[in-house]
Protein chains: 2
Amino acid sequence: MKNFTKYLKTKAQVSEENFELLIKKVTVKKIAKGTVILRPEEVCKFSFFVEKGLLRSYTINTSGKEHILQFGSENWIVADRSSAFFNEPSELFIDAIEDSEVVLIGADFIEQASEISQYFRKYNQIALQNHIRHQQKRINLLLSASAETRYMNFIQLYPDLISRVPQWMIASYLGITPESLSRVRKEMAKKPLK
Amino acid sequence: MKNFTKYLKTKAQVSEENFELLIKKVTVKKIAKGTVILRPEEVCKFSFFVEKGLLRSYTINTSGKEHILQFGSENWIVADRSSAFFNEPSELFIDAIEDSEVVLIGADFIEQASEISQYFRKYNQIALQNHIRHQQKRINLLLSASAETRYMNFIQLYPDLISRVPQWMIASYLGITPESLSRVRKEMAKKPLK
DNA sequence: CCTGGGCATTGATCCATGATAAGAAAGTTT
DNA sequence: AAACTTTCTTATCATGGATCAATGCCCAGG
């Protein structure tokens, strides 16, 4: 719980006193690589704070293809926000790419923490706004940029993930096939100019 | 201000008393078709509640191409949320597609309304979550669907906009060229099976 | 140490969408 | 209603990325 503690105390500026109170509301869980922890039709009862490891959220369309919406490594929160907030069935899968350790955060936790601490409420608000900003950038990129540009942007944004995530998943995140990504990389290797 | 009043009183459930208080904080403005009301580098000081008419937000990339992020007709709020919330320079344009009438909502309005009314705070929260949900669907669609599918989805989602928005703007929203959209429509006309 | 299953690469081919250009339609201005 | 201007369509050609198939690679498990 080291990371989660830091998150609460430092980022969300929760006082020692409140911390003791809140920490009781969450549980830690080990998730083996490959384990699915949320699937379509289920309601997303928890947000998953990644203490250690790597999660992903994704959809599978009617023709069986996966499309990755988000990766979450240490200190990130992965969830189907809509499902959790509106208490409606999810359309997403969430599973573990690596053996992971996650902190389960229920809706009640968020509410209570927001009640208790103005800072937490504020921080939560910021997280939402960041999410929106991030999604907007991604939409804009998908609208305007080539596979190569999108890949370069990904490298910039998530340099650490490049080595941890299999290439075909990165392709899925970018909205291209693994074959295409392989070719893009080959091209990029030729003209090395940074 | 009819729509905005209704929005505050009905949707955000603001009491008559608070309404009188809050309404003083906003101004109404007429925006002529084509007028740009936000451009990159500027900070988005206001969110624009569309009382009447039609706005759009979009980016222009280095090669001069527009990419539309959002349309907003009556009762929608258009803004660069990130810029407004974080008080940082925007990367978006916002302009009017039709002669419009908008209510200018400053950050102070949001704050004050949230202080005054729990309902408003809650409603604002819901709006944020809806925004995230909507963006997520769009990302998923961009990752997975063909031009035709995306267009059909657009029709479903915004049937009213089809007639109000020029076709090339819809193409821009979908991330394809106007020519492609024209082709897609032609194809769809052939096989009419609704 | 072999073996089998996931992953990455490569080549061949196909296809949806882009680019360009030109005209037809529709809308606006004078 | 004539003269523009903007939007939409159509046609041709070019291309990025998809699909299909084969091969090699790695490494985890027997």
Side-chain angles (χ1 to χ4, degrees), chain A residues 32-36 54 56 58 60-68 71 95-99 140-155 161-191, chain B residues 32-36 53-54 56 58 60-68 71 95-99 141-155 161-191:
Chain A
K33 176 176 174 173
T35 311
V36 176
L54 184 52
R56 75 207 249 248
Y58 59 102
I60 299 187
N61 70 8
T62 45
S63 34
K65 284 198 188 142
E66 293 183 6
H67 296 281
I68 297 184
F71 295 111
D95 69 13
I97 298 177
E98 303 173 354
D99 290 336
N140 195 51
L141 209 63
L142 286 170
L143 287 178
S144 64
S146 68
E148 174 167 341
T149 308
R150 302 210 294 276
Y151 179 57
M152 293 198 305
N153 178 72
F154 185 90
I155 293 175
L161 290 187
I162 299 292
S163 48
R164 292 171 73 178
V165 176
Q167 211 166 286
W168 67 267
M169 284 194 191
I170 296 179
S172 163
Y173 182 92
L174 297 176
I176 59 179
T177 59
E179 293 93 331
S180 285
L181 180 52
S182 178
R183 272 184 265 263
V184 163
R185 284 164 51 84
K186 194 178 171 184
E187 285 309 308
M188 283 172 59
K190 279 190 201 166
K191 38 171 179 172
Chain B
K33 175 176 174 173
T35 311
V36 176
L54 185 52
R56 74 207 252 246
Y58 58 102
I60 301 187
N61 69 10
T62 45
S63 34
K65 283 197 188 141
E66 292 182 9
H67 297 281
I68 296 183
F71 296 110
D95 70 13
I97 298 176
E98 301 173 354
D99 289 334
L141 210 63
L142 286 170
L143 286 179
S144 63
S146 68
E148 175 167 344
T149 308
R150 302 209 296 276
Y151 179 57
M152 290 197 308
N153 179 73
F154 185 90
I155 294 174
L161 291 187
I162 298 292
S163 48
R164 292 171 73 178
V165 176
Q167 210 166 285
W168 66 268
M169 284 193 191
I170 297 179
S172 162
Y173 182 92
L174 297 176
I176 58 179
T177 59
E179 293 90 338
S180 285
L181 181 53
S182 180
R183 245 185 313 221
V184 163
R185 284 164 51 85
K186 193 179 173 186
E187 284 310 307
M188 284 173 58
K190 279 189 199 167
K191 40 171 177 172

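Naming convention: chains lettered A, B, ... in sequence-line order (proteins, then strands); numbering from 1 in each chain. Because only heavy atoms are used, hydrogens play no part in the values below, and waters and symmetry mates are left out as well, while side chains stay in.
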**Prompt:** Would you say a side-chain N or O of A:Gln167 is under 4.0 Å from OP1 or OP2 of C:dG6?
**Reply:** no
**Request:** Round to the nearest Å and state the distance from B:Glu187 atom CD to D:dT10 atom P.
**Result:** 11 Å
**Sugar-phosphate, base or nothing in reach of B:Lys33, heavy atoms under 4.0 Å** = nothing
**Message:** When you compare the side chain of A:Leu161 with that of A:Leu54, does any pair of heavy atoms fall below 4.5 Å?
**Reply:** yes
**Complete:** Against the side chain of A:Pro166, the closest entry in C:dT9, C:dA8, D:dT19 is C:dA8
**Short side-chain N/O contact from B:Thr177 to OP1 or OP2 of C:dT17, under 4.0 Å** = no
**Request:** Using whole Å, report how far CD1 of A:Ile162 lies from P of C:dA8.
**Result:** 12 Å
**Request:** Identify, between A:Leu181 and B:Arg150, the residue whose nearest nucleotide on DNA chain C lies closer to the 5' end.
**Result:** A:Leu181
**Message:** Checking contacts here: which listed nucleotide (C:dA19, D:dT9, D:dT19) is nearest the side-chain heavy atoms of B:Lys65?
**Reply:** C:dA19
**Request:** Calculate the interatomic distance between A:Leu142 atom CG and C:dT17 atom P; express it in whole Å.
**Result:** 15 Å
**Message:** Assuming nearest nucleotide by heavy-atom distance, tell me which of B:Pro178 and B:Arg183 is located more 5' along DNA chain D.
**Reply:** B:Pro178
**Asked** Can you tell if the side chain of A:Arg164 reaches within under 4.5 Å of the side chain of A:Phe71, non-hydrogen atoms only?
**Response** no
**Asked** What is the distance, rounded to the nearest whole Å, between atom CD1 of B:Ile97 and atom P of D:dT7?
**Response** 11 Å
**Separation of atom CH2 in B:Trp168 from atom P in C:dG18, rounded to whole Å** = 16 Å
**Asked** Touch check for B:Gly175, heavy atoms < 4.0 angstrom, all strands: base, sugar-phosphate only, or nothing?
**Response** sugar-phosphate
**Asked** Between B:Lys186 (NZ) and C:dA16 (C1'), how many Å, whole number?
**Response** 15 Å
**Prompt:** How long is the line joining CD1 of B:Ile176 and P of C:dT17, in whole Å?
**Reply:** 7 Å
**Asked** Counting N and O atoms only, with roles assigned by atom type, does the side chain of A:Asp99 sit under 3.5 Å from a partner on the main chain of A:Lys33, one being a donor and the other an acceptor?
**Response** yes
**Request:** Would you mind reporting whether B:Met169 and B:Tyr58 have side-chain heavy atoms less than 4.5 Å apart?
**Result:** no
**Prompt:** Between C:dG18, D:dT10, C:dA19, which nucleotide gets closest to the side-chain atoms of B:Ser182?
**Reply:** D:dT10
**Message:** Is the phosphate of C:dT17 approached by B:Ser180 (side-chain N or O, under 4.0 Å from OP1 or OP2)?
**Reply:** no
**Request:** Decide whether A:Tyr173 and A:Arg56 meet the rule of one side-chain donor and one side-chain acceptor closer than 3.5 Å.
**Result:** no
**Item:** For atom CD of A:Glu179 and atom P of C:dT9, their distance in whole Å
**Value:** 11 Å
